[in-house]
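The structure appears below as structure tokens.
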Amino acid sequence: MTDTGIGASVKRVEDQRFLTGNGNYTDDINRPDQSHAWILRSPHAHATLKSVDTSKAEAAEGVIAVLTGADMAADGVGGLPCGWQIHNKDGSPMLEPGHPPLAVDKVRYVGDQVAIVIAETRDAARDGAELIEVDYGVLDAVIDMDGALAGGSLVHDNVPNNRCFDWELGDKNGVDEAFSKADHVVSIDLVNNRLIPNAMEPRAAISEFDRSTGQYTLYTTTQNPHVIRLLMGAFVLQIPEHKLRVIAPDVGGGFGSKIFHYAEEAILTWAAGKVHRPIKWTAERSESFATDAHGRDHETHAELALDKDGAFLGLRVATKANVGAYLSTFGSSVPTYLYATLLAGVYTTPVIYAEVQTVFTNTVPVDAYRGAGRPECTYLLERLVNKAARELGIDPVEIRKKNMIQADQYPYQTPVALQYDCGDIPASFESALKAADYTGFEKRRAASEKDGKLRGIGISTYVEACGIAPSAVAGALGARAGLYESAQVRVHPTGSVTVFTGTHNHGQGHETTFAQLVSESFGIPIEHVEISHGDTDQVQFGMGTYGSRSLAVGGPAILNACNKVIDKAKKIAAHIMEADVSDIEFADGKFTVAGTDKEMAFGEISLAAYVPHNYPIEEIEPGLDENAFYDPLNFSFPGGAHICEVEVDPDTGTTEIVGFTAVDDVGRVVNPMIVAGQVHGGLAQGVGQAILEGCVYDDDGQLLTGSYMDYTMPRADNLPSFSVATQSVMGASNPLEVKGVGEVGAIGSPPAVVNAILDALAPLGVEDISMPTTSQKVWQAIQDSNVRQAAE
Amino acid sequence: MYQFNYQKAGSADEAASAVSSAEDGRFLAGGMTLIPTLKQRLAQPSDLVDLADVNDLAGVSDGGDSITIGAMTRHVDVATSNVVQSKIPALASLADNIGDPQVRNRGTIGGSVANNDPAADYPAAVLALNATVITNQREITAEDFFDGMFTTALEDGELITAVRFPVPDKAGYAKFPNPASRYALVGVMVAQTGGETRVSVTGAGQDGVFRAAEIESALSGSWSADAAKGVKMSDDGLNADIHASAEYRAHLISVMASRAVDAAG
């Protein structure tokens with residue numbers, strides 16, 4: 001029996017190397033004869049490229065080559081593709097303007113790539129870049145979405161009104177009818193603030209080309225190396241898979257921002273084939289701020305129809321989503337199928353209609369960021385439900401309970417395409433209310449008042465869809481790829497195991513969690529298991545890590561491959577122990593013959609598989625090495641309840657989070673310590689979005705929050721000691737019964753925080769505040785409310 | 001960063017002459033602002049003259065009714081100095097809240113004062129405590145030293161060697177940090193020294209640190225947190241940025257002044 005199986009809080013095996021500085025990140029790697037690149041970027045948000053003169057740079061000391069968009073175009077290099085096609089209301093496909101890796105005629109955001117300088121050193125490359133003479137024809141920039149839709153300046157000449165698509169989901173007529181019968185209509189206007197991801201490791205890449213084999217290799221900071229190989233090889237550079245190897249070594253955090261196929265990957269790979277030298281590029285932190293795909297950035301008007309008792313009758317949502325200057329890899333799917341399909345939330349709202357317009361602006365592309373669509377949806381619903389409770393004079397707990405999907409209603413078909421397979425949000429909610437001592441809040445409020453502080457409590461109950469994704473469903477919705485996962489479980493002769501997974505570990509703890517699956521399956525300690533990922537020449541295939549999919553989709557692939565190993569091992573055991581295979585039992589790492597004392601250890605069978613002297617060779621092949629691909633039956637639906645308690649200092653507007661309770665249903669928990677850690681991290685990012693973080697461009701498209709001097713990351717002293725717990729209904733759509741935990745914290749928490757702040761400010765007459773709820777905004781809201789009340 | 005010559009000075013005189021004879025020389029006194037500036041290629045000095053090894057520029061000395069802090073004294077050494085903690089606890093506490101541990105272990109009082117960042121903490125202490133900035137050439141009163149954002153009375157090649165602080169009867173500092181950088185969005189130092197009340201404000205003014213005459217007058221009348229909080233500051237001449245409007249900063253000056261009075265006791 002092993003104590004490192006499912007359910008054990010095994011310490012993360014990868015932490016030894018991460019915490020002792022022994023990680024192997026892209027920038028740690030140096031290739032023989034390596035050169036260095038600097039990317040010249042546009043200082044303007046919108047400009048024509050009248051001329052790009054590289055002659056002085058090319059002549060500079062140490063410079064090997066200077067390449068531009070014109071060179072790329074001459075080589076027939078394609079544009080960066082978008083992975084998900086959305087259709088307009090009228091059925092026509094979305095507009096997909098070209099996305100050249102190096103700008104050709106025009107630059108479209110500050111940071112857009114203009115040229116690459118390859119030199120003997122990084123400083124020489126940067127010096128060279130300063131010698132490139134670019135004549136920009138500066139154009140008016142469009143930054144805000146309303147301005148863009150008004151169609152003054154066009155980001156892409158062939159996209160009228162800068163509108164990428166105008167999409168809808170749900171029953172428009174049904175919703176109109178529900179509203180016509182409603183006793184109350186509650187409406188809200190919200191901004192979901194734009195965020196800058198800020199992975200600890202900046203993006204980096206090394207490319208090389210082997211002239212003897214024609215093989216390209218790209219080391220890159222990606223969450224999904226096979227996806228990069230597919231997109232870059234097939235769509236951009238026309239390099240077939242067998243001539244392109246993509247390696248994602250240790251990656252220092254992604255949060256979604258390292259899913260996408262970035263221009264630098266294609267530029268470097270292409271350039272390596274031209275200069276015949278390995279080329280390294282590592283982003284400066286300033287480049288990360290300016291050029292990593294940003295997250296969120298929605299503006300929404302929503303209306304909720306209710307009957308006289310507060311039952312939800314219908315929901316109508318109109319959202320504008322900023323996609324930035326170009327469609328990034330998943331830029332079109334995040335504000336549509338990852339957003340509006342969750343608009344039922346945890347409620348029984350019978351009819352829902354959503355329309356989403358996506359808008360091009362002269363800002364860096366916007367794409368998936370931890371939660372991707374679901375935080376936007378949850379924030380909208382939970383702010384709106386709270387507003388409804390306040391306007392109708394119903395307790396925010398009661399209005400939720402009244403409208404919540406009950407445990408016996410699962411599987412629950414929502415009016416917006418998804419079918420929730422299982423769940424029990426009311427149970428999580430009850431637990432959270434108890435853990436947060438909700439009923440004792442008024443006493444605590446009174447105590448805070450004595451100290452001159454305003455105390456508030458806020459609730460968020462949520463569900464999300466992850467475990468992305470059943471390929472057929474995703475394909476029907478416009479995905480241009482399958483979203484299964486694969487695993488290879490290679491048992492070595494002496495019984496140790498290497499697992500090759502198509503997911504990628506960049507902080508999630510997969511090397512521990514996945515090893516626990518194998519430990520459980522084979523009854524061997526996790527020290528005997530190695531998890532290998534990230535190299536397309538080693539791992540058969542994979543779709544990578546995002547959307548809380550790695551355990552929910554990648555895990556069953558590992559489990560299925562393990563089961564194939566066990567099935568084969570039983571045949572070997574039956575042969576050696578001279579029994580019928582149906583009499584072979586496998587438990588705790590031992591094969592036994594039922595009803596006898598005959599047994600063989602796992603390692604004895606593996607040895608027999610590779611030294612097949614006494615072996616059923618006519619029936620099965622030697623070796624013990626199995627593959628499995630797993631395509632899920634449905635999304636998985638984690639959910640739960642978050643309760644936040646704050647104290648606001650009315651003198652300064654400062655908010656302190658004094659309590660935060662999260663009770664999440666994540667299905668089966670493989671490693672409780674890692675799950676708690678994931679929730680803590682997600683909550684920190686949720687609090688960051690709610691109170692601290694916000695990307696600001698000025699009217700000319702210059703990024704005002706381009707460094708840690710101005711972009712406020714959450715820090716330890718901004719956060720409370722979180723109270724987190726799981727209360728799970730086992731997942732119903734995959735054999736591991738897991739649901740996913742990577743994003744729940746970031747999805748559930750922002751509205752809990754903002755609802756708490758609004759609750760604290762309610763006695764002062766404040767009814768609305770936008771994220772991030774900085775101390776300045778809170779103070780200003782109090783001032784404005786004072787002025788308003790004085791006038792009344 | 002661009003290429004530059006790096007020199008390590010053994011004495012203040014050597015440092016001053018090295019900077020003076022360089023084409024565009026700069027003192028390196030911790031480098032907490034200068035190094036990031038160089039890394040972003042926003043400055044291109046020909047020479048950096050590092051003061052780290054000039055030992056007689058570092059340390060705190062007790063002069064009875066004043067204390068003198070060497071220019072190369074690190075923030076952590078001011079924060080933990082027994083002399084500073086017992087004579088001017090507000091100054092020790094100010095130093096203890098500058099930046100983060102890495103900054104406090106590298107940054108120096110001389111570097112901070114010479115740089116005169118409009119959001120730095122030390123200028124508020126120098127002005128409110130009526131300190132004297134001592135250079136290799138002369139002594140400059142606080143009033144004459146600060147000359148607007150990032151600008152001081154220092155001449156080319158002039159090196160701060162120490163700052164002398166008169167010991168106040170009471171002093172307190174309160175900072176409202178910029179949420180991102182943790183520099184002062186508004187920092188207020190209040191001090192009473194020999195019957196004189198001085199109140200200085202950092203982080204808020206368009207021209208850097210300044211004295212808040214309205215609050216000084218209120219506190220001269222009644223040394224109390226309420227008196228400070230009751231002053232309605234004008235937002236004329238105050239900074240406005242994405243973190244704080246001028247109006248919010250004006251409000252915070254009164255609030256921070258009241259908290260500084262509380263801290264001063």
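Reminder, nothing fancy here: chain letters follow the sequence lines and each chain counts from 1.
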Could you tell me which portion of A/Met713 (side chain, backbone, both or neither) has an atom closer than 4.5 angstrom to a non-hydrogen atom of chain B?
neither
Heavy-atom distance under 4.5 Å to chain A: side chain of B/Leu252, backbone, both or neither?
side chain
Just to verify, what does B/Lys170 make a salt bridge (charged side-chain N to carboxylate O under 4.0 Å, His left out) with, not counting sequence neighbours?
none
Which side-chain N or O atoms in residues 214-221 of chain B pair as donor and acceptor under 3.5 Å with protein atoms at least two apart or in another chain?
residue: B/Glu216; atom: OE1; partner: B/Arg211; partner atom: NH2; Å: 3.2
residue: B/Glu216; atom: OE2; partner: B/Val199; partner atom: N; Å: 2.8
residue: B/Glu216; atom: OE2; partner: B/Arg211; partner atom: NE; Å: 2.9
residue: B/Glu216; atom: OE2; partner: B/Arg211; partner atom: NH2; Å: 3.3
residue: B/Ser220; atom: OG; partner: B/Glu216; partner atom: O; Å: 2.6

Are there donor-acceptor pairs under 3.5 Å across chain B and chain A? List atom names and distances.
residue: B/Tyr2; atom: OH; partner: A/Glu130; partner atom: OE1; Å: 2.8
residue: B/Tyr2; atom: OH; partner: A/Glu130; partner atom: OE2; Å: 2.6
residue: B/Arg41; atom: NH1; partner: A/Asp127; partner atom: OD1; Å: 3.0
residue: B/Arg41; atom: NH1; partner: A/Glu130; partner atom: OE2; Å: 3.0
residue: B/Arg41; atom: NH2; partner: A/Asp127; partner atom: OD1; Å: 2.8
residue: B/Ala180; atom: O; partner: A/Arg715; partner atom: NH2; Å: 2.2
residue: B/Arg182; atom: NH1; partner: A/Asp717; partner atom: OD1; Å: 3.4
residue: B/Arg182; atom: NH1; partner: A/Asp717; partner atom: OD2; Å: 2.8
residue: B/Arg182; atom: NH2; partner: A/Asp717; partner atom: OD1; Å: 2.9
residue: B/Arg182; atom: NH2; partner: A/Asn718; partner atom: OD1; Å: 3.4
residue: B/Lys229; atom: NZ; partner: A/Asp651; partner atom: OD1; Å: 3.2
residue: B/Lys229; atom: NZ; partner: A/Asp651; partner atom: OD2; Å: 2.6
residue: B/His243; atom: O; partner: A/Gln776; partner atom: NE2; Å: 3.3
residue: B/His243; atom: NE2; partner: A/Asp710; partner atom: OD1; Å: 2.9
residue: B/Ser245; atom: N; partner: A/Gln776; partner atom: OE1; Å: 2.4
residue: B/Ser245; atom: OG; partner: A/Gln776; partner atom: OE1; Å: 3.4
residue: B/Tyr248; atom: OH; partner: A/Thr652; partner atom: O; Å: 2.5
residue: B/Tyr248; atom: OH; partner: A/Ser775; partner atom: OG; Å: 3.4
residue: B/His251; atom: NE2; partner: A/Asp651; partner atom: O; Å: 2.5
residue: B/His251; atom: NE2; partner: A/Trp779; partner atom: NE1; Å: 3.1
residue: B/Arg259; atom: NH1; partner: A/Asp649; partner atom: OD2; Å: 3.3
residue: B/Arg259; atom: NH2; partner: A/Asp649; partner atom: OD2; Å: 2.7

With B/Ser46 via side chain to side chain contact (heavy atoms under 4.5 Å, CB included) - residues at least two apart:
B/Ala22, B/Glu23, B/Asp24
Whatever's closer than 4.5 Å to a heavy atom in chain A on B/Met256 counts as side chain
